[in-house]
Amino acid sequence: MGERLQWKKVVSIWIGMYPVNVATSWVITMLPWWGGVSLPARSAIVVTVVAPVMCLVMMPAVTRLLAPWLGRRTAHARHERELCARLDSLAAAQDDADPARAWGGLGYAEGDRGGEPSLQASVGRSRWSDSTRWSSEPGSPA
């Protein structure tokens, strides 16, 4: 819940990758010597050209363009915080009854989303975050 949905990531990557792939394929097929290059060398050349273009040009542009669609809404973040707090309080009540099952809770910190709070693990991972695969930090495993 705290992170962009995976399908939105896939769509945004596709939007950036498609024009880069078409342009690269078109330029490469114009090269008269390309047919004589071995497959591993061709793959290395294509990846060497496409990866920097995608990372440095296309994905920042696509991310800026789709930011409103990709972003987390404040109302959803508030609802997520309230739900997590309730679930963690229920877990704490169960942990008080059986200390052997104790887990760490979830904490909230100011993220790099313009001061918007983001969900992140504090002392340990909450069973609620593990079971629902919540994370809001970019690059964290979902």
Side-chain angles (χ1 to χ4, degrees), residues 1-31 33-35 37-142:
M1 282 176 55
E3 188 176 0
R4 297 175 187 147
L5 296 173
Q6 293 294 323
W7 70 271
K8 288 185 177 185
K9 289 181 186 178
V10 170
V11 170
S12 62
I13 291 168
W14 188 92
I15 288 170
M17 188 68 190
Y18 182 76
V20 170
N21 186 35
V22 169
T24 305
S25 298
W26 179 72
V27 168
I28 285 174
T29 57
M30 306 280 274
L31 301 172
W33 50 267
W34 187 251
V37 179
S38 68
L39 180 61
R42 282 189 293 195
S43 296
I45 293 168
V46 169
V47 170
T48 301
V49 170
V50 170
V53 170
M54 282 297 297
C55 293
L56 302 174
V57 178
M58 284 305 282
M59 288 318 297
V62 169
T63 302
R64 275 192 304 274
L65 179 70
L66 298 179
W69 181 64
L70 291 171
R72 197 169 120 187
R73 291 185 171 81
T74 307
H76 294 161
R78 184 175 35 253
H79 178 69
E80 178 184 300
R81 280 192 306 275
E82 292 169 1
L83 178 61
C84 230
R86 288 183 201 150
L87 291 173
D88 281 341
S89 67
L90 288 172
Q94 285 182 342
D95 293 341
D96 289 342
D98 186 4
R101 295 179 45 187
W103 290 52
L106 292 177
Y108 291 89
E110 294 299 317
D112 54 354
R113 293 191 167 107
E116 191 175 351
S118 63
L119 178 66
Q120 66 187 36
S122 57
V123 176
R125 298 265 318 184
S126 164
R127 73 182 66 166
W128 309 115
S129 66
D130 286 341
S131 65
T132 57
R133 298 172 61 98
W134 288 352
S135 70
S136 64
E137 296 304 316
S140 63

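Predicted model, so just to flag it, every value in this text is computed and none were measured.
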For residues 11-31, dump all side-chain donor-acceptor pairs below 3.5 Å to protein atoms at least two apart in sequence or in another chain.
from, atom 1, to, atom 2, distance (Å)
S12, OG, K8, O, 3.2
S12, OG, K9, O, 2.9
T24, OG1, V20, O, 2.7
S25, OG, N21, O, 2.8
T29, OG1, S25, O, 3.1
T29, OG1, W26, O, 2.9

Under 3.5 Å, which donor-acceptor pairs do the side chains of residues 42-50 form with other protein atoms, sequence neighbours left out?
from, atom 1, to, atom 2, distance (Å)
R42, NE, V37, O, 3.4
S43, OG, L39, O, 3.1
T48, OG1, A44, O, 2.6

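Residues C55 and P60 approach most closely at O-CD, 3.3 Å, considering heavy atoms.
Summarising the geometry, atom CG belonging to L65 is positioned 9.5 Å from atom CE belonging to M58; distances are rounded to the nearest 0.5 Å.
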